[in-house]
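The structure appears right after this line, and notes come after that.
Each chain gets a letter, A, B and so on, in the order the sequences are listed, and its residues count up from 1.
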2 protein chains.
Amino acid sequence: MIRKDATAHAVPAEILDPSGGANQVRVRAYNERLVMSLVRRHGSLSKAEIARRSGLSAQTVTVIMRALEAEGLLMRGEPMRGKVGQPSVPMRLNPDAVYSFGLKIGRRSADIVMMDFVGGIRRQVRRTYPYPMPGPLLAFVVEGLAELEAAITPEERARIAGFGVAAPFELWSWASEVGAPQADMDQWRGVDLGAEIASRVPYPVVLQNDATSACAAELVFGLGPQYPDFLYLFIGSFIGGGVVLNSALFTGRTGTAGAIGPLPVQGRDGETVQLLKIASIYRLENLLREHGIDPKPLWYSPDGWIDFGAPLAIWIEDTAAALAQAVVASASVIDFSAVIIDGGFPAWVRERVVAATQAAVARLDLQGVTLPEIVEGAVGSAARSIGGASLPLFSRYLPDQNVLFKELA
Amino acid sequence: MIRKDATAHAVPAEILDPSGGANQVRVRAYNERLVMSLVRRHGSLSKAEIARRSGLSAQTVTVIMRALEAEGLLMRGEPMRGKVGQPSVPMRLNPDAVYSFGLKIGRRSADIVMMDFVGGIRRQVRRTYPYPMPGPLLAFVVEGLAELEAAITPEERARIAGFGVAAPFELWSWASEVGAPQADMDQWRGVDLGAEIASRVPYPVVLQNDATSACAAELVFGLGPQYPDFLYLFIGSFIGGGVVLNSALFTGRTGTAGAIGPLPVQGRDGETVQLLKIASIYRLENLLREHGIDPKPLWYSPDGWIDFGAPLAIWIEDTAAALAQAVVASASVIDFSAVIIDGGFPAWVRERVVAATQAAVARLDLQGVTLPEIVEGAVGSAARSIGGASLPLFSRYLPDQNVLFKELA
DNA sequence: AATTAATAATTCAATTCGATTTATTTATTG
DNA sequence: CAATAAATAAATCGAATTGAATTATTAATT
């Protein structure tokens, strides 16, 4: 019995419960997704280049890419001349091949976006509210979606992959911080948001935590290609995050991987508090009020912030000090190559937060710590909506080793 | 019969960018490992049962298991009668199919064990020292291995899968804690332990951090089957650990995933210190000295501890309080289903540490935390040696999704 | 300018190999 | 004997690989 074995190495990206078997059909599905993700990562690649990068034979790549081109997912570009040999034909994603919708539920507003295959936002609708409630929210889903759908052709509609929802965990426990009556918030209890939306929408619905969704956006459309594993932090009304391992989103058994908010850190006075009490925008809002400043500009638009001066500086310092502790703590658990920080604020705030965090980390005891790079997110304040819209892409087009394995009962 | 295909691998579960393609040969290799791991997990399973659990067709399972039986890796048991239909034939691992060696390098002693395919320690040699040094250690490898090999037949020797090494990170930075002259410790600098051992041993050598190795042992021979993902903590002279995600060892990009030692926690007086300064046996040793108690019994044998009274109680309390913070911090990053605690101490100490940690966790702010179970390790104080010996099994027989993917240059 | 060599991308055709499907046999209970 | 379940043999299917051919281009030479 002859064995031609491979060199073994690592744990797959996203991690999977390896209890199912693999077969040919799945191998093909996996390889197709792999080819597309390589094209996505590099913008455009020739068949030969994909063969080199994937390790697949040139012939296999030809067959797969011909099929993907026939499906309209890939487009051929202008042949590249100037080098010896037959010119290579760069293939790139067809931006119009697939669309998806993404719903973000925020503290002050909800957005629905229509996204194309390469992450471009084609259309967007927004609704603002003092605080989110199930009834009005579901009404917005129906009305907003209708508005977006009205602008596209039936052909385009047929190419919609799904409807992704980026929502915070346990809306009802926000009441005091959101400034909403507990009775109203209690209406969320027992609401199966995914099911409610699925019954109102003619597409596959995927629900995911909002910060995790933002992390997904960063993975596909942001810095994902540069870091094989990273911890992602999104500072919204409440801080949250996501985890990427081996270039795949890792959501964990309960879907709360990267939640990070409950991580204990020491505050300014040395007291131990949860990270979310410090590094969240609701905290800045309170600080502004304490300083007699109207916090409303925070909510008009993430890019409409003005420099609030001292209270903003204080908030950034406190946030950075807390984030620095979170960075070191998480690096002690997983040796992330990067911590990517983004949030519902303008780029200049993000820059200050990241710089302050880098400085704060340097002040900590780093002996034995494998320190990750601390970098700014590339997607920005819309990461949650974009991430929501990217969720359907994950289930259909992005590589996921689980595609290889049988689903067991 | 051992397969002759494998070359010496680096650590089994390092990281891979999932950019490689998959093919049939790899699918078969993966499915073979999957079948064996199912048998391993359940002790013995019939072909039909494996087909149900893996989702593979009965015929595929027949072919795979017939081959594994022909290779001597599986043995058929007594047919199970008493149920309708043809009696099922339970298949189990042949304990003598594969052996492996494991070297553990500790602070006071080194062990080499010879392990069978189901985790049984067949033979063992130990050498003690005031502190480890490269020259004597390598001499021990040669002499100890010769001693173990002398007791086995050439046929048995042909079935040895490899030589696994469980060693601490950066031996040289121990000096002060180990009580060794810095000059002696500096001899470790620049020593490529894996290469040195590989040049003295006729088997594939696999090197891994000692606590990560212990984690591997727990995964294969301990509670692994019960928890799909867990954080593993091993309290030795210094605390360390490992990470298991989706039933696979996750070592991370740099191999330091789960190192945990540098995690900042608050000590008894509220000061922030690294976990390893509190939850390590060297700390207990210092405490005993401060109380005028001879700490030598700590080092004779992990099972030879006596109840040291007050200082031990203090150490357990401090350790538990620190571990509790580590548990909450890690749970904020990854939603582990369990934290498994073991160490180089007797079972009754482990029990007290775990109970105290559970109590300490309950005193923390757990709002929003997905709390893992906190449980005792099932492998015990020999986990590092057993884990070392299990490393070669990972590269050859245990499911590792990477088997599916091509390795790229 | 024409010719030849070298190189690289792509594809065709044939082959291989493992999982699946279909059908059959075997062993047991009731 | 009917029903049931395990096990397996033979045939089929599908995807990747191999090896050779085709095409398009640059580089060097006459």
Going by an N to O cut-off under 4.0 Å, is there a salt bridge joining B:Arg159 and B:Glu155? no

Here's one to test your reading of the geometry: is the NZ or CZ of B:Arg33 within 45 degrees of the ring axis of B:Phe394 and under 6.0 Å from its centre? no

B:Phe117 six-ring face occupied by B:Arg40 cation (under 6.0 Å, within 45°): yes

Do the side-chain N or O atoms of A:Asn31 get closer than 4.0 angstrom to the phosphate oxygens (OP1, OP2) of D:dA16? yes

Does B:Arg28 make a side-chain N or O approach to OP1 or OP2 of C:dA19 shorter than 4.0 Å? yes

Nucleotide [N], atom [atom2] - distance to [atom1] of [X] in whole Å:
X       : N      : atom1 : atom2 : value
A:Leu45 : C:dA9  : CG    : P     : 12 Å
A:Met65 : D:dA15 : CE    : C1'   : 17 Å
B:Leu56 : C:dG18 : CG    : C1'   : 11 Å
A:Met91 : C:dT11 : CE    : C1'   : 14 Å
A:Arg26 : D:dA16 : CZ    : P     : 15 Å

Partner residues of A:Ser37 under the side-chain contact (heavy atoms from CB on, under 4.5 Å) criterion, sequence neighbours left out: A:Leu34, A:Pro399

Applying side-chain contact (heavy atoms from CB on, under 4.5 Å), name anything that partners A:Ser213, two or more places apart in sequence or on another chain. A:Ala166, A:Gln208, A:Leu391

Can you identify which nucleotide, out of D:dA15, C:dA19, D:dT18, has its nearest atom closest to the B:Ile64 side chain? C:dA19

Taking Watson-Crick (N1-N3 plus N6-O4 or O6-N4) and G-U wobble (N1-O2, O6-N3), each under 3.5 Å, can you produce the dot-bracket string of DNA chain C? Use [ ] for crossing pairs and | for inter-strand ones. ||||||||||||||||||||||||||||||

side-chain hydrogen bond (donor to acceptor under 3.5 Å, both in side chains) against B:Asp116, all qualifying residues, sequence neighbours excluded: B:Arg122

Counterpart residues, side-chain hydrogen bond (donor to acceptor under 3.5 Å, both in side chains), relative to A:Gln86 (two or more places apart): none

What does nucleotides 6-12 of chain D look like as a protein-contact string, B for base, S for sugar-phosphate only, - for none, at under 4.0 angstrom between heavy atoms? BSBBB--

Looking only at non-hydrogen atoms, find the nearest pair between B:Leu38 and B:Leu45 and report the distance. O-CD1, 3.6 Å

A:Leu93 side chain near A:Leu74 side chain, heavy-atom distance below 4.5 Å: yes

